[in-house]
Amino acid sequence: MTEMSLDEAAEMIKDGSLISLSGNLLFRIPAAFVRELARQEKKDLRVMKTAGGYDVDLLCGLGCVKEVIAGFVSFEVFGLAKNFRKAVEEGRVKYSENTCYSVIAALRAAAYGIPFMPIADISRSYFVKERGFKFVENPYGGGKVLTVPAIKPDYAILHVQKADEDGNALIYGPWFEDVLMARAAKNIILTAEMIVPTEELRREIDAVWIPKLKVKAVVEVRNGAYPGACPPYYDMDFEMMEKYANLDEEELKSHIWEVRP
Amino acid sequence: MTEMSLDEAAEMIKDGSLISLSGNLLFRIPAAFVRELARQEKKDLRVMKTAGGYDVDLLCGLGCVKEVIAGFVSFEVFGLAKNFRKAVEEGRVKYSENTCYSVIAALRAAAYGIPFMPIADISRSYFVKERGFKFVENPYGGGKVLTVPAIKPDYAILHVQKADEDGNALIYGPWFEDVLMARAAKNIILTAEMIVPTEELRREIDAVWIPKLKVKAVVEVRNGAYPGACPPYYDMDFEMMEKYANLDEEELKSHIWEVRP
Amino acid sequence: MNLLERANYMISAMARLLKDADSAFMGVASFLPFLAIAVTKRLYNPDLVWYSIVGFNPNPYRMPMSTVHPLIAEYCDAKLQLAEIFDISARGELDVVFLAGAQIDSRGYLNNSHIYINGKRLQFPGGAGGALLHATAKRPIVWQGKHDPRIFVREAQRITAAGKPYRVFTPLCIFRLDRELGRLVTDSIHPWSSYEEIKEKTGFEVNDAPTTPEPSDEEIEIIQELDPKGIRQLVLQ
Amino acid sequence: MNLLERANYMISAMARLLKDADSAFMGVASFLPFLAIAVTKRLYNPDLVWYSIVGFNPNPYRMPMSTVHPLIAEYCDAKLQLAEIFDISARGELDVVFLAGAQIDSRGYLNNSHIYINGKRLQFPGGAGGALLHATAKRPIVWQGKHDPRIFVREAQRITAAGKPYRVFTPLCIFRLDRELGRLVTDSIHPWSSYEEIKEKTGFEVNDAPTTPEPSDEEIEIIQELDPKGIRQLVLQ
């Protein structure tokens, strides 16, 4: 049984850990877990995601982050991710810019147990050199092929719709990079809208499945993606996001204590 | 609209084509399509699959095949695939033996649009050298990494539960390498237990989806996997398989005309 | 002409470009592409396969405030692993992709990374999937909600995504890439703008061009139906 | 002892080896592993994650005639893309894998490809997933339904899968790999066989060993419940 409280689960994340966050922009993000990380004042986290928003911004704004490995960090219609942006501009956070495609390739390599993935030639993009992506000679002829090295997160942090108390879980609807990061990571922490009996998970054989192996903690967190969406249960809270996008530094500090869990 | 008859669809496959077949052993195999290929007396086909059974054996036994690219060809409890075995032993068919893992890697490379996939070191297996799999130097250090070159089938032939008349399709339950081969192949031919309105496919968002792009033909074939299984509609026909496994050469020739479609 | 009407011109022109497309992908924050694809699927090209981040063929009854919104996922033909979009494009099977550019240069390259102004870093969100998609899709369509010389520059300080755009949409005009010249040329000018204005507001050499055709009543009707509250104008503000 | 009883001995010994396993994969035509995993999950190790070709944790009420049977898929916790099994093993996260060997040599290597007898090729089905799984799973368990000197050879003519087996099950005995000697040694001998018989029927040097413990009533009851018709004896014929 790996069910525990949110603060117990967040305590597993050591300063300096490389964590990968579920969802995309405001869709099924592990928002409650991320707030708990901030309340526990984590430092030097390395955060990995294809497209981050509230989650990455909040951690950057509250000084928890050393490095962001991502292809995009923004709030879509609510404008730029102010705290992320400021932290990067001021050099407090290193933005290891990628493209979503190379983040996926790095996770694929880790998930497949191989040291690197060949990718399409995107070498005219400036970050290819900055990230140190290297070419190899195609052993079957035809010239050089660009590659991306594997990145194996210490923890994949996933917010899911349903899990059982052992950490088996289901994802409904789009799963973005969540399955890939679960396969790639050394460990998994789940927050779930509801903890249900294993038999209930079993009935839905076509939904995406995270087996309990590597799951170190599962926490029942209603509205765990708030202010993001967790369909089919709730939509994004656009009012809260509009408010969040305009918080000053002091207000951001209180935000994580006001918005619970 | 790409709906057509079984014989029209099979006519698309030219002699010498590289085809990849859906399912695994006796599970959701494109059996009716394969029988039609044999009735049309195709020659020199190259057939690709991780684990073949009735489908690969029948094509080998009736002289349609030049090469089998697979990790396993057998009938499980019904014993060895006699016709496949004989054709290989007599040199009529080249068995390009792989392991299921390297077939998957070759399809992954093609599906990802990259020329090769790095794989775990299986180089003590004799076929690695025979297939010409090559090592590359890991550009990030740590020595040599084995690779598998991409294989792009001319046609992925899939038997699915439901499709619409344009060639959008759903797969229920295990999908084996079917999605991968659909993504990897140049073209797709579908046989489906039933042609349904597009709206009906749409209702099941969590089932596996083959979009119509690249689908060159879709054919409604009830019992299209027979004598294999197509859950949830029908089970394998063990009696027929027992009979099939013991057919002599003449009986095999009549088998494809007796068992319809 | 108000912003809604201007948006309609851009959406209409985008939609008409998709008449012969077999597939189109839209990413995040893509209100104009969303409406353009919806219009073309209804009026011109029902067979177009529409890829979004959350699934194949969104069939929503209205446009939500996010193009990664659950409403889109709910009405999709099927969900889609985001990775597959990149695979499709890497295989050379993606026809149209819509890409936004924080900075767009005369070659059609995009900078969505950052710039330095007087040694001070100005950080953009990053190029999302653009690096691959611009390089490998058959017809990248680039768009921007603003038009000024800091956005439309001769040469971007950083190249986030290099590719050959099929068209570049701005609130003033439409560029296309002249492959021989290797640079953007004006393809049409929106009726509320002029050659002079574009010349003044563009960081590279431009030419005069015909006026962008007006949207049809049918197009406007569908746009209005899907976006009754006028979300589409947000990107032009 | 009849074949059913002999199978029970083998299944019981396999099941007990899985008491501390965290995951186990069974492939095609794997009746003995199927029953062994089912027994251990019921009696010793309910937390064991059971991977099959069609899904995670089959929970069937009986054993079908195929281990890639729809009946298994129907009762799985979730379906599984076969490729994932290989990824799990390539990452070093697969604990136990059951592998059959048409030919098994003194090093524990398997030949499931082909042999030549007097210049004539004798074709086997191929090694399926074995090449990777034998090389990368933590504890490969090899099994064979027959025991004769053409199967248990000093050195296989072709190596389909090279790895270090945790145990090798035969209808006469159980071998384990002595990692210092780098070869199989006898771990236990089934009560219906003897050191002399194994020596005679094995193509490499063997040693004497204790008797394989008998299956318990509880184990036999579960085996009988899942396989009332005795499919398990087919592999020993």
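Within every chain, numbering begins at 1; the chains are lettered A, B, ... in the order of the sequence lines, protein sequences first and strands thereafter.
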*Could you look at L122(D) and say if it's the side chain, the backbone, both or neither that has a heavy atom under 4.5 Å from chain B?*
both
*Select one option (side chain, backbone, both, neither) describing which atoms of I85(D) are under 4.5 Å from chain B's heavy atoms.*
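For I85(D), there is no contact with chain B at all, as no heavy atom is under 4.5 Å.
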*Quick one: does E89(B)'s side chain have a donor or acceptor within less than 3.5 Å of a partner on Q123(D)'s backbone?*
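Side chain of E89(B) to backbone of Q123(D): a pair is present.
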*Return yes if some donor-acceptor pair links the side-chain N/O of S125(B) with the main-chain N/O of T160(D) below 3.5 Å, else return no.*
yes
From [X] atom [atom1] to [Y] atom [atom2], the distance as rounded to the nearest 0.5 Å:
| X | Y | atom1 | atom2 | answer |
| --- | --- | --- | --- | --- |
| S66(D) | F78(B) | OG | CZ | 8.0 Å |
| Q81(D) | I104(B) | CD | CD1 | 8.0 Å |
| T50(B) | F86(D) | OG1 | CZ | 7.0 Å |
| I122(B) | T136(D) | CD1 | OG1 | 9.5 Å |

*Non-hydrogen atoms of chain D under 4.5 Å away: do they reach the side chain of Y101(B), the backbone, both or neither?*
both
*Which region of E90(B), side chain (C-beta onward) or backbone (N, CA, C, O), has a non-hydrogen atom less than 4.5 Å from a non-hydrogen atom of chain D, or is it both or neither?*
neither
Other residues, nucleotides, ligands: >12 heavy atoms within 6.0 Å of [X] [atom1]:
| X | atom1 | answer |
| --- | --- | --- |
| E130(B) | CD | yes |
| R150(D) | CZ | no |
| E239(B) | CD | no |
| K152(B) | NZ | yes |

Under 4.5 Å, counting heavy-atom pairs only, tell me which of [options] racks up the most with chain D.
| options | result |
| --- | --- |
| P232(B), G91(B), G173(B) | G173(B) |
| F84(B), F238(B), F72(B) | F72(B) |
| A105(B), A70(B), S74(B), C100(B) | C100(B) |

Shortest non-hydrogen contact from [X] to [Y]?
| X | Y | result |
| --- | --- | --- |
| A120(B) | L132(D) | CB-CD1, 3.5 Å |
| A135(D) | D121(B) | CB-O, 4.2 Å |
| E97(B) | G127(D) | OE2-N, 3.4 Å |
| D87(D) | R108(B) | OD2-NH2, 2.7 Å |
| Y95(B) | P125(D) | OH-O, 2.9 Å |
| I171(B) | K79(D) | O-NZ, 4.4 Å |

Side chains of [X] and [Y] in contact at under 4.5 Å (non-hydrogen atoms):
| X | Y | result |
| --- | --- | --- |
| L26(B) | V68(D) | no |
| Y109(D) | R124(B) | yes |
| F176(B) | V54(D) | yes |
| D235(B) | P70(D) | yes |

*Answer with yes or no whether the side chains of T67(D) and E76(B) bring together a donor and an acceptor at under 3.5 Å.*
yes
_Heavy-atom pairs under 4.5 Å with chain B - which of A128(D), A162(D), G126(D) has more of them than the others?_
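Top count of heavy-atom pairs under 4.5 Å with chain B: A128(D).
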*Go through H114(D) and Y126(B) one step at a time and tell me if the ring pair (Phe, Tyr, Trp, His ring centres under 6.0 Å) criterion holds.*
CA-CA 11 Å; H114(D) 58 271; Y126(B) 90 97; 5.5 Å; yes
